[in-house]
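Naming convention: chains lettered A, B, ... in sequence-line order (proteins, then strands); numbering from 1 in each chain. For the numbers below, each heavy atom of this structure counts, side chains included, while hydrogens, waters and symmetry mates do not.
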Amino acid sequence: MIISGTYSIVIMLSIPVISGTSYFFRHFREISIAMSLITLLFTAGVFLLNSGTYSYFYINDINRYILICVSSIYVFSAIYGSGYHRKLGESRHLRIHMSMMGIFAFTMLFSLVINNLGLMWIGIEGTTASSAILIIIEGEAADMEAAWRYIIIVSAGLSIALISIILIYRVFGTLEITSLLSASSQPSQILVLAALFGIIGFGTKGGIFPMHSWLPDAHGRAPSEISAMFSAVLLPIAVYAIYIIIKTIDITLIFQAGVFFSIITILFVALVMASQRDIKRMFAYSTMENMALILLGFVLGGVALFGSILIIMTHAFAKAGAFYSSGNLIESFRTRNMAGIQNVWGEQRFTAYTLILSTLAVSGAPPFGTFLGEFFILSALYSHGLGSVMLLLAILLVIIFLSINYKVLKMVFSIAQPALTGKISAQQISITGAAVIVSSIFAFLFMVGVL
Amino acid sequence: MINQEALDLIIAAIILSAIWAQLGTFMSHKVRIVTIQSILLSIYIIVLGIWNSDIELITLGILIIILRAFLTSRLLNSKLSPDQFVSRERFGDASFLSVVSILVLIFSFITYRILFTPLGYETIGDGGFALLFQGLFLIGSRKSKFSQFLGYIEEENAIVMLGLGIISMPLVIEISVLLDVLALLIVSTVIISDKPETQVFEEMTG
């Protein structure tokens, strides 16, 4: 390596912070995009580092994949956002928005690499403060309400996670993640409490039922590039925090709790998906499904863990593509209601393609990586002797798949009078396409043995 | 013994302040109550720090006074209308809320004894657990964003108390938590000042 591991990580973390100063410059858009690209470059360097500790930081075979997703989606969203908000010109709102995007990316990257569970909590709480302001760029009353719900529900939930961290510190005497993962623990009431508080607390941020209620509101009201960042990378970070806690407290009851919370979340999504009217809320619920699957894979371990990583990677880009496509449609049709978005095939052929492909990818259609991931998780459930749970999960996944794809196909192919009023920019079209193309390569990489 | 009783008295006062905050209707009074609560908590921590010659605890106590008691109340007050009747919270049945908050208090005491017994009993931990539920109740039972945020501040105070009862966290983490809450407050004031009460939007249902 030209630069040592620690320096690579420090530079990777510093660049998005420097990007926060773009507010003060006339070419703030270009600076933000350039900084996001440099961040991605250094993240690629960090991705290639060996697993292990680097001063205060820790790289392993899970967080390296999420890191690369964070930086990639940061680039995509910075470019998409500069096109999506072009009407705001050089306004103060847009300057704050582009600057805060860098700070938001920093808090996410920091949460992933820091080798201390307490500081990881602080990073995740920091993502709330930095991202809430990103929801309200358009300043509508509903945006304000969504941002408020996001702040208060997620912060209240994360406080519960902090109790979990205090209890872990009491039992293990350290918060260093590497030490926690290598420590052995005897089952005890305190550890059970710590794990349950951890699952519920971090699960609030990760969109796990029953503390998920902020998620459809915030995803639905945020600008599309921010919805993409939330869904694609922010939520997996919270689920990764649960993974650290589950691995630290490796006891049977936690395994059962993890399976229970995952299944009940997917069951909830299956029940509400068919009644969705708002395109972005629909994709937000789809995110809940995918986060629950990722959590399930983390809990089951082995081949399911690999399935989770495949879902994280594919879902990140596919869901970003889905939200970017939604943004393009909302801008064109001036509505979020799916009943008002019709004949996409006739009006916006390219967006029709990206919407269909990204929806197929996020809902687990073959040959996308999500399908392989779901297959690995289902087979792991069976090998753990949970055949009935596997069957139930398979049925729920089919219900969700049919609900979401029916709604999307209806939007794309229904015939109606053209109602287009807005025009989408070239940046938006190209980034939407790029996200969908990247999402489709992970299954291929797996098949050729790269992953 | 007398010293411990004095500390226990502070914890009782903190819990009473939480009940008081549930019942108050004037926002400026509520902010003051939660400020008093934070000051009481910092006095507890500073006294404990002096007794144990623990510089970290003393630092934490001082930081809570500066960041949570002084800065937080100043920021919240700056967003309140000077006319206290304008920023008055209207909620249904005060007697019902007071009964429920007392029930929540009893429930939290019992739950703490059941769940946290293996750690040994600590009054501060018990008080913290009770305050946590009072904070959550304040968030859940009100429409006013000010009240909800004060509930969140109570919750964060509760975590500090729970931490003292279970194990003191490293100072760097305690400071970072304080700063995080402050950052969240700054962001929240932008949102609170726009519409002080939560609203129901048809598009945000389902």
Enquirer: Could you tell me the separation between the CD1 atom of A:I152 and the NZ atom of B:K145, rounded to the nearest 0.5 Å?
Expert: 10.5 Å

Enquirer: Pick one of side chain, backbone, both or neither for B:E155, based on which atoms fall under 4.5 Å of a heavy atom in chain A.
Expert: side chain

Enquirer: Report the option among A:I190, A:L162, A:I133, A:D278 that has the most heavy-atom pairs separated by less than 4.5 Å from atoms of chain B.
Expert: A:I190

Enquirer: Answer yes if the side chains of A:E145 and B:T198 hold a donor-acceptor pair under 3.5 Å, and no otherwise.
Expert: no

Enquirer: Looking only at heavy atoms, which two atoms of B:S168 and A:Y169 are closest? And how far apart?
Expert: O-CE2, 3.3 Å

Enquirer: Do you know the tightest heavy-atom contact between A:L119 and B:S176?
Expert: CD2-OG, 4.2 Å

Enquirer: Given the options A:S275, A:S188, A:S130, A:A141, which has more heavy-atom pairs under 4.5 Å with chain B than any of the others?
Expert: A:A141

Enquirer: Of the listed residues (B:I166, B:V172, B:L179), which shares the most heavy-atom pairs with chain A below a 4.5 Å separation?
Expert: B:I166

Enquirer: Is A:I153 in contact with chain B via its backbone, its side chain, both, or neither, using a 4.5 Å heavy-atom distance?
Expert: neither

Enquirer: Where does the angle between the aromatic ring planes of B:F149 and A:W148 fall among parallel (under 30°), tilted (30 to 60°) and perpendicular (over 60°)?
Expert: tilted

Enquirer: Side chain, backbone, both or neither: which part of B:L185 has a non-hydrogen atom closer than 4.5 Å to chain A?
Expert: neither

Enquirer: So, the side chain of A:R170 versus the backbone of B:I167: is there a donor-acceptor pair under 3.5 Å, distance only?
Expert: no

Enquirer: I'd like to know if the side chain of A:Q189 reaches the main chain of B:L115, judged simply by a donor and an acceptor atom lying under 3.5 Å from each other, with no hydrogens or angles considered.
Expert: yes

Enquirer: Contact part of A:Q276 toward chain B, heavy-atom cut-off under 4.5 Å: side chain, backbone, both or neither?
Expert: side chain

Enquirer: Would you mind telling me which of A:G126, A:S155, A:A132 has the largest number of heavy-atom pairs within less than 4.5 Å of chain B?
Expert: A:S155

Enquirer: Using heavy-atom distances under 4.5 Å, tell me whether A:N337 contacts chain B through its side chain, its backbone, both, or neither.
Expert: neither

Enquirer: Non-hydrogen atoms of chain B under 4.5 Å away: do they reach the side chain of A:R336, the backbone, both or neither?
Expert: neither

Enquirer: Look at A:A156, A:A146, A:A147, A:G118 and state which one has the largest set of heavy-atom pairs under 4.5 Å with chain B.
Expert: A:A156

Enquirer: For the atom pair CG (B:L184) and CD1 (A:I151), what is the distance rounded to the nearest 0.5 Å?
Expert: 5.5 Å

Enquirer: Between atom CD1 of B:I173 and atom CD1 of A:I165, what is the distance when rounded to the nearest 0.5 Å?
Expert: 7.5 Å

Enquirer: Is it the side chain or the backbone of B:I114 that comes within 4.5 Å of chain A heavy atoms, both, or neither?
Expert: backbone

Enquirer: State the CD1-CZ distance between A:I163 and B:F129, to the nearest 0.5 angstrom.
Expert: 6.5 Å

